[in-house]
Amino acid sequence: ERNQADVSEAKAGRTDLIFLIRFRHCCLLRNQRCVLAYLYDRLLRIRALRWEYGSVLPNVIQFHMSAEEVEWFNRYKKSLATYMRSVGGEEGLDLTQDIKPPKSLYIEVRCLRDHGEFEIDDGTTILLKKNSQHFLPRWKCEQLIRQGVLEHILS
């Protein structure tokens with residue numbers, strides 16, 4: 001606002017204010033670039049959260065997000081889901097499934113908290129209770145590992 005007032009005075013003939021006006025304008029542009037860089041970095045981090053935690057964010061993380069960021073996350077989630085359904089045939093292709101190439105198809109996991117029944121593709125249901133250990137297909141339990149329900153037991 002002060003810059004606009006000084007511009008009006010400079011147009012009226014006070015040329016000594018031009019350097020001050022330019023300096024303030026450069027400061028405003030720098031601050032704008034810093035804010036945009038900060039917001040872009042937050043969006044990149046929110047996008048990474050979708051790949052790390054899946055389509056449902058923990059409440060602890062959501063608490064620290066603004067309403068606009070939650071809305072952006074939901075739109076990104078829907079866009080990614082639409083794309084994954086469009087590739088890979090009838091069932092689609094879950095791109096978030098294997099972030100790192102697996103060394104084996106089955107892994108040993110320990111349940112960190114009570115989760116309830118968990119069904120595998122062959123129709124077998126497993127009761128996931130706290131501290132129980134299971135030998136499961138990696139692709140079926142990777143999402144639960146990221147959510148903190150299961151823990152991969154390394155030999």
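The figures that follow rest on heavy atoms only: side chains count, while hydrogens, waters and symmetry mates do not.
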**Complete:** In short, G148 meets L112 closest at the heavy-atom pair O-CD1, 3.6 Å
**Request:** Give the cluster check for I61 versus V70: same hydrophobic cluster or not, with ILVMFWY residues linked at side-chain heavy-atom distances below 4.5 Å.
**Result:** yes
**Prompt:** Which ring pair (Phe, Tyr, Trp, His ring centres under 6.0 Å) pairs, counting each pair once, include a residue from residues 111-137, with sequence neighbours left out?
**Reply:** Y106-F135
**Prompt:** What distance separates I107 CD1 from K140 NZ, expressed to the nearest 0.5 Å?
**Reply:** 13.0 Å
**For D114, side-chain hydrogen bond (donor to acceptor under 3.5 Å, both in side chains) partners two or more places apart** = none
**Complete:** C111 and L150 have their tightest heavy-atom pair at CA-CD2, 3.8 Å
**Request:** Mind checking the OG-CZ spacing from S132 to R110? Nearest 0.5 Å is all I need.
**Result:** 10.0 Å
**H25 atom NE2, over 12 foreign heavy atoms within 6.0 Å** = no
**Message:** Are I145 and Y53 connected into the same hydrophobic cluster when the rule is that any two of I, L, V, M, F, W, Y join if their side-chain heavy atoms are below 4.5 Å apart?
**Reply:** no
**side-chain hydrogen bond (donor to acceptor under 3.5 Å, both in side chains) involving Q133 - partner list, sequence neighbours excluded** = none
**Prompt:** Cluster partners of L127, using ILVMFWY side-chain heavy atoms under 4.5 angstrom, listed by chain and number?
**Reply:** none
**Prompt:** Which atoms form the tightest heavy-atom contact between H64 and E69, and what is the distance?
**Reply:** O-OE1, 4.3 Å
**Shortest non-hydrogen contact from G54 toward Q143** = CA-NE2, 3.0 Å
**Asked** To the nearest 0.5 Å, what is the distance between OG (S79) and CG (N74)?
**Response** 12.5 Å
**Prompt:** By side-chain hydrogen bond (donor to acceptor under 3.5 Å, both in side chains), which residues pair with D41, not counting sequence neighbours?
**Reply:** R45
**Request:** With sequence neighbours excluded, give me every salt bridge (Lys or Arg N to Asp or Glu O under 4.0 Å) pair touching residues 15-39.
**Result:** D6-R24, R14-D16
**Pairwise distance OG(S55) to NZ(K77) - rounded to 0.5 angstrom** = 5.5 Å
**Prompt:** Tracing side-chain links under 4.5 Å among I, L, V, M, F, W and Y, which residues wind up in one group with L28?
**Reply:** none
**Heavy-atom check, side chain of E117 versus side chain of L128, under 4.5 Å** = no
**Fellow cluster residues of V35, listed by chain then number, with links counted only when side-chain atoms sit under 4.5 Å apart** = Y38, L39
**CG-CD distance between L57 and E52, expressed to the nearest 0.5 angstrom** = 9.5 Å
**Message:** According to side-chain hydrogen bond (donor to acceptor under 3.5 Å, both in side chains), who are the partners of D122, at least two apart in sequence or on a separate chain?
**Reply:** T124
**Request:** Using the test salt bridge (charged side-chain N to carboxylate O under 4.0 Å, His left out), find all partners of R47 that sit at least two apart in sequence or belong to another chain.
**Result:** none
**Item:** V149 reachable from I126 in the ILVMFWY side-chain graph, under 4.5 Å edges
**Value:** yes
**Message:** Return the CZ to CG distance between F23 and L17, rounded to the nearest 0.5 Å.
**Reply:** 14.5 Å
**Fill in**
Looking only at heavy atoms, the pair that brings W51 and L95 closest together is CZ3-O, 3.6 Å
**Item:** Hydrophobic cluster partners of L36 (side-chain heavy atoms under 4.5 Å)
**Value:** none
**Prompt:** Partners of Y83 by ring-ring contact (aromatic ring centres under 6.0 Å, His included), sequence neighbours excluded?
**Reply:** none
**Any side-chain heavy-atom pair of Y76 and I46 under 4.5 Å** = no
**Request:** Is it possible for you to say whether I120 and W139 belong to one hydrophobic cluster, with membership spreading through side-chain heavy-atom contacts below 4.5 Å?
**Result:** no
**Message:** Quick check on N31: does its CG atom have over 12 non-hydrogen neighbours (other residues, nucleotides or ligands) under 6.0 Å away?
**Reply:** yes
